[in-house]
**Q** 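Structure below; questions to follow.
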Amino acid sequence: MRISVLDGAALINPGVIDRHGNHFVTSARGAGFSHLHAFDGNGRLLWESPKQMTADDLDSYAGFNAPVIDDKGDIYVGDGNQMWAFHPDGELKWVTPLPEPGDPFVYQVISRQGYVGGITTQGKVLFYERDTGALAIPVFNLPAGAAPQKGPSLPGLWQGGLMDDAVIPLFKQIAFGYGVQVANAPAVHPENGRIFITAAGPKQGDKYTGVLYGLDLTESGVTTAIELPMGGGSGTSPALSVSGDTVYSADGDGNMLAVDSYSGEVRWSAKGEGLLSPAIGPDDTVYTGNIFAAPTVIALDPDNGSIKWARSYDDAAARVLPDLEPFPPLVPDGNPVARLVSVISVSANHVWVGMNFGYDYHQPDTGLTLPIPHKSVVCALDPENGELLKCTEVRDTVEGMIKIGYGGEITVSHTTIFGSFFYYGVNPSLPPDYRNPVKPVGGMTILQAESP
């Protein structure tokens, strides 16, 4: 059984689930729309935040923030100029202004001390008291960094009412890691509470750098325990090993780093791998992947970074799509391909990925190779060898995240990056057989488990 909600809204993330199985998810359609939504496990709307009518309302910048829930069930989320707290029934708990309007959080976390907050796009570390919304510790600024100022050209991105035009430029910068100092979600150490975040570092000549920070919070403020230089720009979101002794992150040059979470010492670096944020399996296997080419999904040994397996899934695409005549230079090869488009998720027995089955499109102005989506699928892989176990077709492209519920349900957010870009921006330049055949609808799909 599948459940669909929030049709017409491109969703960056699938939100969070409380202990009762209720879903809390944000959207970003702009004036006249609500931007925080609560659904039960069957997709029935429980409540929404008041519609955005003025700057004092929960605005569309909330769409890039996954809410966080505390042990009382209260929900916390930031927008473009404020931090919000709601009770489980949707009643407002408090709202407090951010120091700089237009510098929102990139996700929120709850610290070991019980504070709620995070790191903004320009590197401000902000944490608030959960009971009152008062600033819990002094504002801390990460050292200034220089981020690349240009990203991929994606005409048509999030058009058709999928997202508020006012937030698209910043959301695009965050999604593709340019123009902002911080573009990733933090990770919190389960024992000592150290907060890890990647950010843009200082520019060295013509080369951009990144930094992995380990931040310690005390009642008196924030101290920098780890400041590890990395390649590229802001890199990927960090992830912690099961025990918490190792933090993993890929830099902007595509190198996966394994770092001692206590000392900051680099344990290993896997060259040329890890283009996507890492996901960690129950046995500490590090899963990452490549959205531009094969191999599609990669599993790394946590002890030394060697490849345990690396798989491509073009054969799965070829089983459901035909070979087409090449259309150079835009589509020089008409063979079907499977391309990873989501962040990877891991459950006890499966690796979960969102993929596009389609054809490789060569973007003339950037030289990037991007997948024209013809079928969007969520697939379960064998964690031991990457074998494709099962794919389920879904209604739109899944560039966001895959959330695994308490009862085994799989929730996907239809971010429709490739869906909207090709449908609105590229389709007119392609022959009919190559065009994205599905008008983007966005929303969220809940796939209920066939068995527990």
Side-chain angles (χ1 to χ4, degrees), residues 10 12 121 146-159 162-163 165 167-181 183-184 200 203 205-210 231-236 250-255 272-277 288-296 312 314 324 326-343 354-374 376 397-400 415-431 434-436 440:
I12 302 294
T121 58
Q149 293 304 301
K150 186 176 180 181
S153 172
L154 298 174
L157 180 66
W158 293 319
Q159 297 303 300
L162 293 164
M163 192 173 287
D165 287 343
V167 303
I168 289 176
L170 178 62
F171 283 16
K172 182 182 172 185
Q173 289 176 317
I174 297 172
F176 291 94
Y178 71 95
V180 293
Q181 185 167 352
N184 296 300
K203 195 173 181 182
D206 294 332
K207 182 177 176 56
Y208 291 98
T209 69
S234 60
T236 71
D251 63 23
D253 294 336
N255 302 309
E273 310 295 352
L275 296 178
L276 287 183
S277 297
T288 183
N290 190 343
I291 65 173
F292 299 117
T296 308
S312 299
D314 291 352
L324 297 177
F327 182 68
L330 298 181
V331 191
D333 184 343
N335 296 328
V337 298
R339 293 290 179 258
L340 179 68
V341 290
S342 76
V343 176
M355 288 194 284
N356 286 343
F357 290 171
Y359 303 89
D360 274 341
Y361 167 81
H362 291 251
Q363 192 175 40
D365 56 341
T366 65
L368 289 176
T369 300
L370 304 171
I372 308 170
H374 278 237
S376 299
T397 57
V398 187
E399 296 88 355
T415 309
T416 191
I417 291 176
F418 293 112
S420 61
F421 162 57
F422 278 101
Y423 188 86
Y424 292 110
V426 180
N427 267 6
S429 66
L430 295 173
Y434 275 115
R435 294 174 186 169
N436 173 16

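Predicted, not measured: the structure shown is a model, and the values here were computed from it.
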**Q** Any idea which heavy atoms bring Ser312 and Pro295 closest together, and the distance?
**A**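 Ser312 and Pro295 have their closest heavy atoms at OG-CA, 3.3 Å.
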
**Q** For Phe418 versus Pro373, what's the shortest heavy-atom pair and its separation?
**A**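 Nearest heavy atoms, Phe418 then Pro373: O-CG, 3.9 Å.
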
**Q** Side-chain contact, heavy-atom cut-off 4.5 Å: Gln363 with Ser153?
**A**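 Yes; the side chains approach each other to less than 4.5 Å.
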
**Q** So which heavy atom on Val331 is nearest to which on Asp360, and how close?
**A**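 For Val331 versus Asp360, the nearest heavy atoms are CG1-O, 3.4 Å.
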
**Q** For Thr236 and Ala250, indicate whether the former's side chain and the latter's backbone hold a donor-acceptor pair under 3.5 Å.
**A**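 Checked: pair present.
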
**Q** Within the 4.5 Å heavy-atom criterion, are Met163 and Thr416 side-chain neighbours or not?
**A**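 No. Closest side-chain heavy atoms not under 4.5 Å.
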
**Q** Would the distance check show the side chain of Lys172 and the main-chain N or O of Pro152 forming a donor-acceptor pair, the cut-off being under 3.5 Å?
**A**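 Yes, the answer is positive, given that a donor and an acceptor are paired below the 3.5 Å cut-off.
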
**Q** Are any of the side-chain heavy atoms of Asn356 and Ser376 separated by less than 4.5 Å?
**A**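 Yes - at least one pair of side-chain heavy atoms lies under 4.5 Å apart.
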
**Q** Does Ser342 offer a backbone N or O that forms a donor-acceptor pair with the side chain of Glu399 under 3.5 Å?
**A**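 Checking the backbone N and O of Ser342 against the side chain of Glu399, no donor-acceptor pair under 3.5 Å is found.
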
**Q** Could you tell me which non-hydrogen atom of Ala338 sits nearest to which non-hydrogen atom of Met355, and how far apart they are?
**A**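 Scanning both residues, the minimum pair turns out to be CB-SD, 4.3 Å.
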
**Q** Using a 4.5 Å cut-off on heavy atoms from C-beta on, say whether the side chain of Leu370 contacts that of Leu154.
**A**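 In short, these two side chains touch, coming nearer than 4.5 Å.
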
**Q** Is the closest side-chain heavy-atom distance between Pro336 and Asp314 below 4.5 Å?
**A**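 Not in contact.
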
**Q** How long is the straight-line distance from CZ of Phe422 back to CG of Leu157, given to the nearest 0.5 Å?
**A**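 Going from the CG atom of Leu157 to the CZ atom of Phe422 covers 11.5 Å.
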
**Q** Report the C-alpha distance between Asp253 and Asn255 in whole Å, list the side-chain angles of each, state the deciding distance to 0.1 Å, and finish with yes or no for side chain to side chain donor-acceptor pair (under 3.5 Å).
**A** CA-CA 6 Å; Asp253 294 336; Asn255 302 309; 4.7 Å; no

**Q** Just verifying a value: how many Å separate Gln181 CD and Gln173 CD, rounded to the nearest 0.5 Å?
**A**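 That separation rounds to 13.0 Å.
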
**Q** Rounded to the nearest 0.5 Å, what separates atom OH in Tyr208 from atom NZ in Lys203?
**A**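 If we round to the nearest 0.5 Å, Tyr208:OH and Lys203:NZ are 3.5 Å apart.
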
**Q** What I'd like to find out is whether the side chain of Arg339 reaches to under 4.5 Å of the side chain of Asn290, using heavy atoms alone.
**A**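 They are not in side-chain contact.
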
**Q** Working to the nearest 0.5 Å, report the span between CG of Leu324 and CG of Asp333.
**A**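 The CG atom of Leu324 sits 10.0 Å away from the CG atom of Asp333.
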
**Q** Name the orientation class of the two ring planes belonging to His374 and Tyr359 (parallel below 30°, tilted from 30 to 60°, perpendicular beyond 60°).
**A**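 Because their plane-to-plane angle is over 60°, the rings of His374 and Tyr359 count as perpendicular.
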
**Q** Provide the closest heavy-atom pair for Ala147 versus Gly179 in the form atom of the first, atom of the second, distance.
**A**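 Minimum heavy-atom contact is CB-N, 3.8 Å.
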
**Q** With a 4.5 Å heavy-atom cut-off, do Thr415 and Trp158 have their side chains touching?
**A**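 Yes, at least one pair of side-chain atoms sits under 4.5 Å.
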
**Q** Using 0.5 Å steps for rounding, measure from the CG atom of Leu162 to the CD1 atom of Ile417.
**A**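 Rounded to the nearest 0.5 Å, the CG-CD1 separation comes to 11.5 Å.
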
**Q** Can you tell if the side chain of Ile372 reaches within under 4.5 Å of the side chain of Leu430, non-hydrogen atoms only?
**A**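 Sidechains of Leu430 and Ile372: in contact.
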
**Q** Please check if the side chain of Asn427 supplies one atom and the backbone of Asn436 the other of a donor-acceptor pair under 3.5 Å.
**A**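 Yes, the answer is positive, given that a donor and an acceptor are paired below the 3.5 Å cut-off.
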
**Q** Heavy atoms only: give me the nearest Gly419-Pro440 pair and the separation to one decimal.
**A**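 Looking at all heavy atoms of both residues, the closest pair is O-CG, 3.5 Å.
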
